[in-house]
Amino acid sequence: MSAVELHVWIPLLAAFGASALTGVAAFGVSAWQASRAEKDVLATQRRHAYSRLLAVTGNVVHSAHVLRLTQELRSGVGEGIDVALRVRKPLDPFELGQWMRNDLEPMYSAWSEVWTVGTPEAVTLGNRVVDLVGQIVGESTTKGEARHPVATWLLGAKWTEEQVEEWHDLVGLLASARRDLADLARRETGLEVANFLSGRAN
């Protein structure tokens, strides 16, 4: 190749090289942006799934507490008389079942979301939370054993101190498991871990 031809090709090769570098750089930026967008979407999905599970499990425990109170307050001869006189209608097992289902279905839906988009650690914590909720619901439907069957028939159901203590122990374990999940959610989404008990009255 002559000096003249080389003089002509050098600018063309330089321009081609610059264009190629620009294309590679643009492709790299686009790939990085796409990866970043996917990570942002996943982080949003995880934050939504974790927060939903935290919220709905709190609702289920509240409903379980109401079931426990119902067992104590709506039993005994007085309850039978009120129902017979139509002061209030009898408890309907199907209505109670539907009432609990209204809380349980959102919990299972949120749990499924955690299974779908959550990290392995989040799935483990989610399983722990749901398992404890199930135990609490089970305890709330257990018959009170503090009174003799005859006294229960007359005065209504009442839990023993041991049953009450077991209930509170399960609620405490659930509170701890929910805090662990909340801490993990904040770490995974880049938020500072908070002290959830700060500012609460003793």
Sub-3.5 Å donor-acceptor pair from the side chain of [X] to the main-chain atoms of [Y], do we have one?
X: Ser140; Y: Val137; value: yes
X: Arg46; Y: Val117; value: yes
X: Ser112; Y: Tyr108; value: yes
X: Thr124; Y: Pro120; value: yes

Looking only at non-hydrogen atoms, find the nearest pair between [X] and [Y] and report the distance.
X: Ala122; Y: Tyr50; answer: CB-OH, 3.2 Å
X: Glu139; Y: Leu170; answer: CG-CD1, 3.5 Å
X: Leu132; Y: Ala177; answer: CD1-CB, 4.0 Å
X: Leu53; Y: Gly126; answer: CD2-CA, 3.8 Å
X: Val56; Y: Met107; answer: CG2-CA, 3.4 Å

Rounded to the nearest 0.5 Å, how far apart are [atom1] of [X] and [atom2] of [Y]?
X: Arg47; Y: Arg52; atom1: CZ; atom2: CZ; value: 15.0 Å
X: Leu174; Y: Arg179; atom1: CG; atom2: CZ; value: 10.0 Å
X: Gln135; Y: Asp169; atom1: CD; atom2: CG; value: 11.0 Å

Identified side chain to side chain contact (heavy atoms under 4.5 Å, CB included) partner of Arg128 from the options Val123, Leu181, Val133, Leu173: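 Passing option: Leu173.
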Using side chain to side chain contact (heavy atoms under 4.5 Å, CB included) as the criterion, point out the one residue from Val129, Val61, Leu125 that pairs with Arg178.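 Single side chain to side chain contact (heavy atoms under 4.5 Å, CB included) partner of Arg178 among Val129, Val61, Leu125: Val129.
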Does any part of the side chain of Trp111, heavy atoms only, come nearer than 4.5 Å to the side chain of Thr57, both counted from C-beta? no
Would you indicate whether the side-chain heavy atoms of Val60 and Ile136 approach each other to under 4.5 Å?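 Not touching, per the 4.5 Å side-chain cut-off.
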Test side-chain hydrogen bond (donor to acceptor under 3.5 Å, both in side chains) applied to His65 - qualifying residues, sequence neighbours left out: none
Do you see a donor-acceptor pair shorter than 3.5 Å between the side chains of Thr142 and Gln163? no
Hey, could you give me each pair passing ring pair (Phe, Tyr, Trp, His ring centres under 6.0 Å) that has a residue in residues 124-146? Not counting sequence neighbours. none
By the salt bridge (charged side-chain N to carboxylate O under 4.0 Å, His left out) test, which pairs, at least two apart or in different chains, include something from residues 117-126? Glu121-Arg187
